[in-house]
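Taking it in order: structure first as structure tokens, then the write-up.
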Amino acid sequence: MPVAHPEPIAPVADPAPRRRQWGAEKRSEPMSIVHPKPTGRKIVLGRLGIITTVTAWIVYVVTTILRQFANNPGAGFRFQLEAASYLTVVTFLTFSALMYLLARQGALYRFRDHQRVPRGELDRHFARYDDGVTVLVPSYAEEPEIVRATLWSAALQEFPDLRVVLLLDDPPFPTDPAVIQRLERTRALQTEISDRLAEPAGRARAALTAFRNGDHAPSSDLKRLISEYQAAAVWLEEFAEAERIEDHVDEFFVDLVVMGLARELRLVLLALEAAAAQSAELAPERIEELHLRLVRTFSVKTETFERKRYANLSHEANKAMNLNSYISLMGQRWAVEDAAGDTVLRQVPEGEDADLDIPDTRYLLTLDADSQLLRDYCLRLVYFLESPGNERVAVTQTPYSAFRGAPTRIERVAGATTDIQHILHQGMTYYGATFWVGANAVIRKEALEDIVEVETVGGFEIRTYIQDRTVIEDTESSIDLGAHGWKLANYPERLSYSATPPDFGSLVVQRRRWANGGLLILPKLWSQLVERRHRHERILVREVFMKVNYMASIAWASFGLVFLLAYPYDSRLLSPVVFVAALPYFLAMGSDLRDCGHRFSDIFRIYGFNLVMLPVNLAGVFKSMQQALTGEKIPFVRTPKVKDRTAAPALYVLIPYLMVAFSVLTLYRDVMAGNWGNAAFAALNASLATYAIHSYIGIKNSLVDIALGTISWLYVEPKKSKPAEPAVIPKTAEEVDFSSILYHGDRRLNRDLRGSHDRRRRASGL
């Protein structure tokens, strides 16, 4: 077996920009924030697609399966087994296609009915607002430039009380000089942001103070306001001009995050100048709101927190426990103490000196280190949470879209699937089947307090808000929140973007993690439904179907595709009606791709992409089964966010070649046997898989990765023998480490907090 690939560490030196491939994405401008309203024709065609899919499946069952059994009563056991298995595969795949069409239809209804909240209503709502948002950005071994753009996009959010906290999860005391340099650059980001924002924030606050202390002469107040908006826009434009653009993500940050905000301020400036030219008078309250807008745009508190510095916080290597560690400290004051060489945090009461005073906020915003927010994200989503009828909404977000202008073919196609998922998640909200997608979300902290689990490990309290039992912590937390009567909702706009892995190796890491865990969470869904029944909540069948499809479709679709690829089914089971059942799905996807700025023909590229990702998805499913059988938690492997190529495990590179070879062999046998339906399917798979290997993996990269995997398999590093426990050597009183003895007692009996936490959680079946 090949040895496990270690988690890649981001290089410190700035690599050369990635070369653009032929067939890469030419369009760099993003999609509109507000979805275009669908036409009545599109909505009607969507309904017809749903009806056609269901009808075609029924017709296939009646005219092919049942008819074959009726006309061939003496058919052998093999044919009966083939018919049953083929019907099962077709049914599951048709069900997933139907769920796609249904979610898409829900999204169309939401896009049709969505009315954007006017800017004036937002200003009025937040005019006397004093609640805050804490933005938590978990980061591990990221390139500082990637983290910097993420932090800036959060820092430029307009909100009355905004705190941006970088949860740095790197080992705090590295010895490698390159790693030390990268870590120091990352730690310095929060200082850079606060220092650069000091000037515009100070000017905006001074202008607001002058207005509040002035006599409110309409002409002079308006003139001062115009001057402040002019200065703010110029500051942002100079900031954008000084930025270095190396790739499409940098271009997005400059053009959409920084200049997008500058353009919006210039639009306000245009209105103010028009008001001055028309000698119009703005109410003092409105002028104050516009001053507050500038103050809140540039005012932010930044902080870096490193949980691994403290022995009494969980050191579990996953994003969930990184978030949990900080959330558990919020709203309290802490003293840093030395405990026999370890650093621990002790809670201190009011009135006593504290080293850390971590304020509590009503809302949290979790943001992945490779994601970026557009203007108004916080403002509009918090307004949504505080609108009547949304009091029990725990999590809201705009499911992220992919950065445009991808330089590689695989990033472009993977990004297209991300844009499709954005639409589907919007539709799932229409049917009450929303899942939290962890890249970015605004969370009501009160809801997290409802689902927290508290345990004492090694004398210290460990609070778990977001479960880390699986590697898809956001999905499991969605189920936990629903069991406690909370709801989730997606906001029907595009206000967040996230990076797509640019090469096959890093995509393997991401998609294998996504495919792992859904099956493990299914029993929790059943428990949630039971709890909701006890509360006499109305549960629709379509909601349950969508949730089950979301968590388990990767498993049955992967196994179903394996059966279709590998087993030569009897030609009597084939029918053009199966193609008719699948046709609305592909036509709808092609239409959605075109609406997202991609090509209709990308449906074929995505099919080929799914073929080469088949072993990756299966690996994730098998990992779920392994965890279910053994009870051992699967390690969380972070997606590499580096500009260099990440090598893929040889097995995932080799299997697509074997799929092509087997499809060609199947094509030959079916042509010889005159089985033209199976032959056409084999030809399609062989051609699209070949294209996907060439376009998404690369022939040269394949050879390199297979060679590296072979070498890793052949070379086994010798195990290091565990050193014997040293004998206790008597010491003089002056040499005895009294503090260690007094604190730890017998070190041989002292269990490591992190390992103990993990073992105890596994033993309890959490």
Counting C-beta onward and ignoring hydrogens, is there a side-chain heavy-atom pair between I358 and Q332 closer than 4.5 Å? no

Between the side chains of R182 and E142, is the shortest nitrogen-to-carboxylate-oxygen separation below 4.0 Å, so that they form an ion pair? no

Below 3.5 Å, can you tabulate the donor-acceptor pairs from side chains in residues 260-277 to any protein atom, sequence neighbours excluded?
unit_1 : atom_1 : unit_2 : atom_2 : d
R263   : NH1    : D255   : OD1    : 3.4
R263   : NH2    : D255   : O      : 2.8
E264   : OE1    : R375   : NE     : 2.7
E264   : OE2    : R293   : NH2    : 2.6
R266   : NE     : E237   : OE2    : 2.7
R266   : NH1    : Q230   : OE1    : 3.3
R266   : NH2    : E237   : OE1    : 3.1
R266   : NH2    : E237   : OE2    : 3.4

Salt bridge check, E449 against R463: does any charged N sit closer than 4.0 Å to a carboxylate O? yes

Any side-chain heavy atom of T464 sitting closer than 4.5 Å to one from M321? yes

Any chance you could lay out the salt bridge (charged side-chain N to carboxylate O under 4.0 Å, His left out) test for E243 and R148, step after step, and finish with the verdict? CA-CA 12 Å; E243 286 294 292; R148 177 179 177 273; 2.8 Å; yes

NZ/NE/NH1/NH2 to OD/OE distance under 4.0 Å, D161 and K301: yes

Evaluate the ring planes of Y326 and F305, with Trp represented by its six-membered ring, and classify them as parallel (under 30°), tilted (30 to 60°) or perpendicular (over 60°). perpendicular

Expected output: side-chain H422 to main-chain P399 donor-acceptor under 3.5 Å: yes

Does R244 pair with E246 as a salt bridge, N-O distance under 4.0 Å? yes

Looking at D353, I'd like to know if its CG atom is crowded, meaning that more than 12 non-hydrogen atoms belonging to other residues, nucleotides or ligands lie closer than 6.0 Å. no

Do L151 and T302 come close enough that some side-chain heavy atom pair is under 4.5 Å? no

Which heavy-atom pair separates T304 from R187 by the least distance, and what is that distance? OG1-O, 4.1 Å

Would you sort out whether H35 and Q426 count as a side chain to side chain donor-acceptor pair (under 3.5 Å), showing the intermediate values? CA-CA 11 Å; H35 293 269; Q426 297 289 1; 4.6 Å; no

Report yes or no: does D247 contribute a side-chain atom to a donor-acceptor pair with the main-chain N or O of D250 at less than 3.5 Å? yes

Roughly how far apart are N440 CG and Q372 CD, rounded to 0.5 Å? 11.5 Å

Given T434, T429, T396, T398, the one that forms side-chain hydrogen bond (donor to acceptor under 3.5 Å, both in side chains) with N490: T429

Should the ring pair F252 and F403 be called parallel, tilted or perpendicular, given that the plane angle runs from 0 to 90° and is split at 30 and 60? perpendicular

Looking at R296 and E158, does any basic side-chain N land under 4.0 Å from a carboxylate oxygen? no

To check you understand the geometry: which heavy-atom pair defines the closest contact between T150 and A369, and what is its length? OG1-O, 2.7 Å

Check ion pair D123-R286 (N to O, under 4.0 angstrom): yes

Tell me whether the rings of F126 and Y129 are parallel (<30°), tilted (30 to 60°) or perpendicular (>60°). perpendicular

Whether D170 and K308 form a salt bridge (side-chain N of Lys/Arg under 4.0 Å from carboxylate O of Asp/Glu) is what I want to check. no

Audit row: H114, Y491, ring pair (Phe, Tyr, Trp, His ring centres under 6.0 Å) steps and yes/no: CA-CA 10 Å; H114 176 62; Y491 194 74; 5.7 Å; yes

Out of the candidates E288, E289, E285, only one should pair with R128 under the salt bridge (Lys or Arg N to Asp or Glu O under 4.0 Å) rule; please name it. E288

Is the distance between the ring centroids of F239 and W152 less than 6.0 Å? yes

Can we say E228 and R205 salt-bridge, meaning some charged N sits less than 4.0 Å from an Asp/Glu carboxylate O? no

